[in-house]
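If you read the sequence from its start, that first residue is 1, and numbering goes on from there. None of the values given here were measured: they were computed from a predicted structure.
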Amino acid sequence: MKKIKLLIIGYSKFVEKRLIKSIKKIKKIDYRVCSKSKKNKMIYYNDYLEGLNFKPDLVYISLTNHLHYKYAKIFLKKGYNVIVDKPITDSLKKTSELLKIAKSKNLLLSESTLFNYHSIFEKILKILGGKKNIELLQSNFNIPQIKSLKKIKMTKSDCFMDMSPYAAALIRLYINPKNLKIDIDYKKFPRSKNIHSFYIFASDQKIRYFGNFSHNREYLSQIIFYSKRKIVFLPHQAFALSQQKNIEIIIKEKNEYKKLLIKKDDCILNYFIQVIKSMINNNFLKFYNLLIEDAKIRDNLYKKIK
């Protein structure tokens, strides 16, 4: 099989620190980076459309939030498979519009919410005896805000836009959508429509989920799984697990704590392996379904924000 040509639009910190490291592990991918704002040896193009001279098979969009929809639509209409950093758009209507274009042209369209592609989540389920034994799921994700309110407004990058994709993915993964009940509480910046913190409450009558997300507190990134007999803590960097190190989890059982090291894994690598398989098989239904499920959950939440 010939190499898949990947054009990366934007040189975000995620691209620089994580994406390229994972892509380099895949011999089947040849990549180029395009950035208007940065110039260094990693940047091949400084114009997004000029990057199409590379004749890519796949375009990865890693720009600020407010540009995701615009450029996803441009590249889909030009006939390219597209992956977009989360959030892919700011509304169900826009996401559905992009999905309609992708389906009409039989193109990949995917939102790269990637944390759950790490094998640690399957291992945690085995420790708990399967998803059926989970009674409560809790997540805490706080990142201190360093952007100005002006930039947050301009780039559509408040806490809800940045972090609701993680909440939606957890709800999709663990809560039955047929019985889903969901609610949100939130706090806005003074004299602003932009949200700096929000709290999710979701339930399917069997599993309950509580999510705490903030741009206004000390850094914290953890997920906690509760069953009747065990509690499993994924205490550090749960939404951006290291590609380089083994991961420590903590298990509480019979009022005793024990630590367990889980072998290192790469969620970005695992995700791209799935992407390559879908391109080889020319079947993108899985990614379409994930995309629209998450978009519907976020839309449900967004409607509750005043």
Between N65 and T155: side-chain donor-acceptor atoms closer than 3.5 Å: no

Parallel, tilted or perpendicular: rings of F239 and F115 (30°, 60°): perpendicular

Distance-minimising heavy-atom pair for N176 and D204: N-OD2, 2.9 Å

Check: F201 ring centroid to F210 ring centroid under 6.0 Å: yes

Proximity of Y60 and Y31 rings by center, below 6.0 Å: no

Centroid-centroid distance, Y186 to Y199, less than 6.0 Å: no

Minimum-distance pair of heavy atoms, taken over all atoms of H236 and L241: O-CD2, 3.8 Å

Y174 and F225 aromatic centres sub-6.0 Å: yes

R208 to Q205 - nearest heavy-atom pair and separation: NH1-O, 4.2 Å

S197: partners by side-chain hydrogen bond (donor to acceptor under 3.5 Å, both in side chains), with sequence neighbours left out: S214

Separation between NZ of K131 and CD1 of I124, rounded to the nearest 0.5 Å: 14.5 Å

Salt-bridge criterion met for K156 and D90 (N-O under 4.0 Å): yes

Donor-acceptor side-chain pairing of S139 and Q222 below 3.5 angstrom: no

Axial cation check for F233 ring with K252, 6.0 Å and 45° limits: no

Distance under 6.0 Å and angle within 45° of ring axis: K187 vs F198: no

F213 ring center near F160 ring center (under 6.0 Å): no

K73 bridged to E97 by N-O distance under 4.0 Å: yes

Separation between NZ of K105 and CG of L109, rounded to the nearest 0.5 Å: 13.0 Å

With sequence neighbours excluded, residues passing ring-ring contact (aromatic ring centres under 6.0 Å, His included) with Y209: none

Side-chain H-bond candidate by donor/acceptor type, D57 with N81, under 3.5 Å: no

K100, NZ atom: more than 12 neighbouring heavy atoms under 6.0 Å: no

Any donor-acceptor N or O pair under 3.5 Å, side chains S112, K86: no

Evaluation steps, side-chain contact (heavy atoms from CB on, under 4.5 Å), between D30 and I4: CA-CA 6 Å; D30 185 16; I4 289 175; over 6 Å; no

Residue pair N133 / K206: nearest heavy atoms and the distance that separates them: N-NZ, 4.3 Å

Gap separating the CD atom of E135 from the CD1 atom of I207, nearest 0.5 angstrom: 9.0 Å

